[in-house]
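See structure below.
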Amino acid sequence: MNASSDNSAPAVEVSHLRKVYGSGHTEVVAIQDASLRIERGEIVGMLGPSGSGKSTLLTAIALINPPTSGQITIDGTPVLDGPRALVDLRSFRRQHLGFVFQKANLIPFLTALENVRIAMEINDVPPHQARARAVELLEQLGVGQRANNLPDALSGGEQQRVAVARALANHPSLILADEPTAALDKERGRQVMELFAQIAHKQNAGVIVVTHDHRTLDVFDRTLDVEDGVIRLKKN
Ligand SMILES: Nc1ncnc2c1ncn2[C@@H]1O[C@H](COP(=O)(O)OP(=O)(O)O)[C@@H](O)[C@H]1O
Ligand SMILES: [Mg+2]
């Protein structure tokens, strides 16, 4: 676990986030005024039509797409005030966050195992420990037998499961996933969602999953609807 994590603080708190792309007559207000709070130990589904601002919100929380204004606090640490970084975002991201996007984006010249290991080694996890955890995660995700293959030799679904293993490697306190099951069949999609729920509940992480898959909504503790850049919080 991260020594710097505050276990009692919410996984993430977003306050009055606004994101405007472009300027003048090309301006797009992607997020109008979004506030949310996700506790550790809960898994939250983010729903909403295409173009409603889900990815913008998720990538803002992922610290890769800074907001125009508003605050983001992760694990009790204020990290962004508008576009202004309050911590070293790169190292904070590596230590606290795990993401899975629609595309796996594995490093093409590293094997499945190496792709997972490297996520830990850049955080100074000793190589033997990183290797053991990578093997365990790949097995847990059903791709243990593919450990020594390059991404090119894996199917889209297998690559995505390696990406999930990589996202979980550093025991993140907040996991962000943008349509992570889009490339998976129904059964694999459900397995990945259930794994996320298990990580939220057993490892006390906060998990936010953007999804269109209405067959797996039952894994969420609650869902949050995004419409035209505004969040509607609701209880299931
Ligand atoms: N890089 C960008 N530049 C300009 N507009 C963008 C950019 N990314 C997203 N948008 C616009 O912001 C709005 C929200 O997009 P997005 O967050 O991708 O929605 P979703 O993930 O819900 O489909 C859309 O109108 C989209 O066209
Ligand atoms: Mg999107």
Side-chain angles (χ1 to χ4, degrees), residues 11-38 42-74 79-85 89-90 93 97-106 156-157 159-161 163-164 166-167 172 174-186 188-190 192-193 196 200 206-217 219-234 236:
V12 60
E13 260 185 298
V14 170
S15 155
H16 299 296
L17 191 123
R18 182 176 173 82
K19 175 69 182 188
V20 182
Y21 292 109
S23 61
H25 58 267
T26 63
E27 183 177 291
V28 176
V29 181
I31 297 291
Q32 291 188 43
D33 180 3
S35 297
L36 63 87
R37 172 185 170 127
I38 310 285
E42 71 172 342
I43 178 167
V44 175
M46 192 185 284
L47 311 175
S50 178
S52 59
K54 304 180 298 298
S55 295
T56 298
L57 185 53
L58 206 73
T59 52
I61 296 171
L63 311 178
I64 51 189
N65 183 17
T68 306
S69 59
Q71 289 79 38
I72 300 178
T73 298
I74 294 173
V79 288
L80 277 176
D81 184 8
R84 193 162 66 92
L89 296 181
R90 278 173 70 91
R93 198 188 299 128
L97 305 183
F99 346 84
V100 184
F101 295 113
Q102 220 165 328
K103 274 196 65 209
N105 293 320
L106 300 176
Q159 290 182 28
Q160 191 62 337
R161 283 179 279 149
V164 172
R166 179 182 58 186
L174 180 62
I175 295 159
L176 305 164
D178 198 348
E179 305 190 28
T181 60
L184 304 180
D185 64 33
K186 187 177 161 199
R188 290 293 187 193
R190 171 157 279 280
V192 166
M193 287 296 202
F196 283 141
V207 180
I208 307 177
V209 183
V210 172
T211 184
H212 284 298
D213 189 352
H214 286 259
R215 294 168 307 193
T216 53
L217 294 185
V219 304
F220 299 122
D221 296 317
R222 59 191 169 96
T223 55
L224 173 164
D225 285 341
V226 181
E227 257 170 56
D228 288 336
V230 175
I231 299 181
R232 276 203 344 238
L233 284 167
K234 68 169 192 215
N236 278 344

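When a ligand or atom number is given, it counts from 1 through the structure's own listing order.
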- Query: Regarding Asp178 and Gln102, is there a side-chain donor-to-acceptor distance under 3.5 Å anywhere?
  - Reply: no
Please answer whether the main-chain N or O of [Y] pairs with a side-chain N or O of [X] as donor and acceptor at a distance below 3.5 Å.
X: Arg93; Y: Leu63; value: yes
X: Glu179; Y: His212; value: no
X: Asp81; Y: Gln71; value: no

- Phe99: partners by ring pair (Phe, Tyr, Trp, His ring centres under 6.0 Å), with sequence neighbours left out: Phe101
- Go through the structure and list residues passing side chain to side chain donor-acceptor pair (under 3.5 Å) with Lys19, not counting sequence neighbours. Asn65
- Query: For the Mg ion (ligand 2), how many protein N, O or S atoms come closer than 2.8 Å?
  - Reply: 1
- Any ion pair linking Arg188 and Asp185 (charged N to carboxylate O, less than 4.0 Å)? no
- Could you pull out the closest heavy-atom pair between Leu184 and Gly157, with the gap in Å? CD2-CA, 3.2 Å
- Might you point out which heavy atoms bring Val192 and Val164 nearest each other, and give the distance in Å? CG1-CG2, 4.1 Å
- Message: For ligand 1, give me the residues whose heavy-atom distance to it is below 4.0 Å, by chain and number please.
- Response: Tyr21, Val28, Ala30, Pro49, Ser50, Gly51, Ser52, Gly53, Lys54, Ser55, Thr56
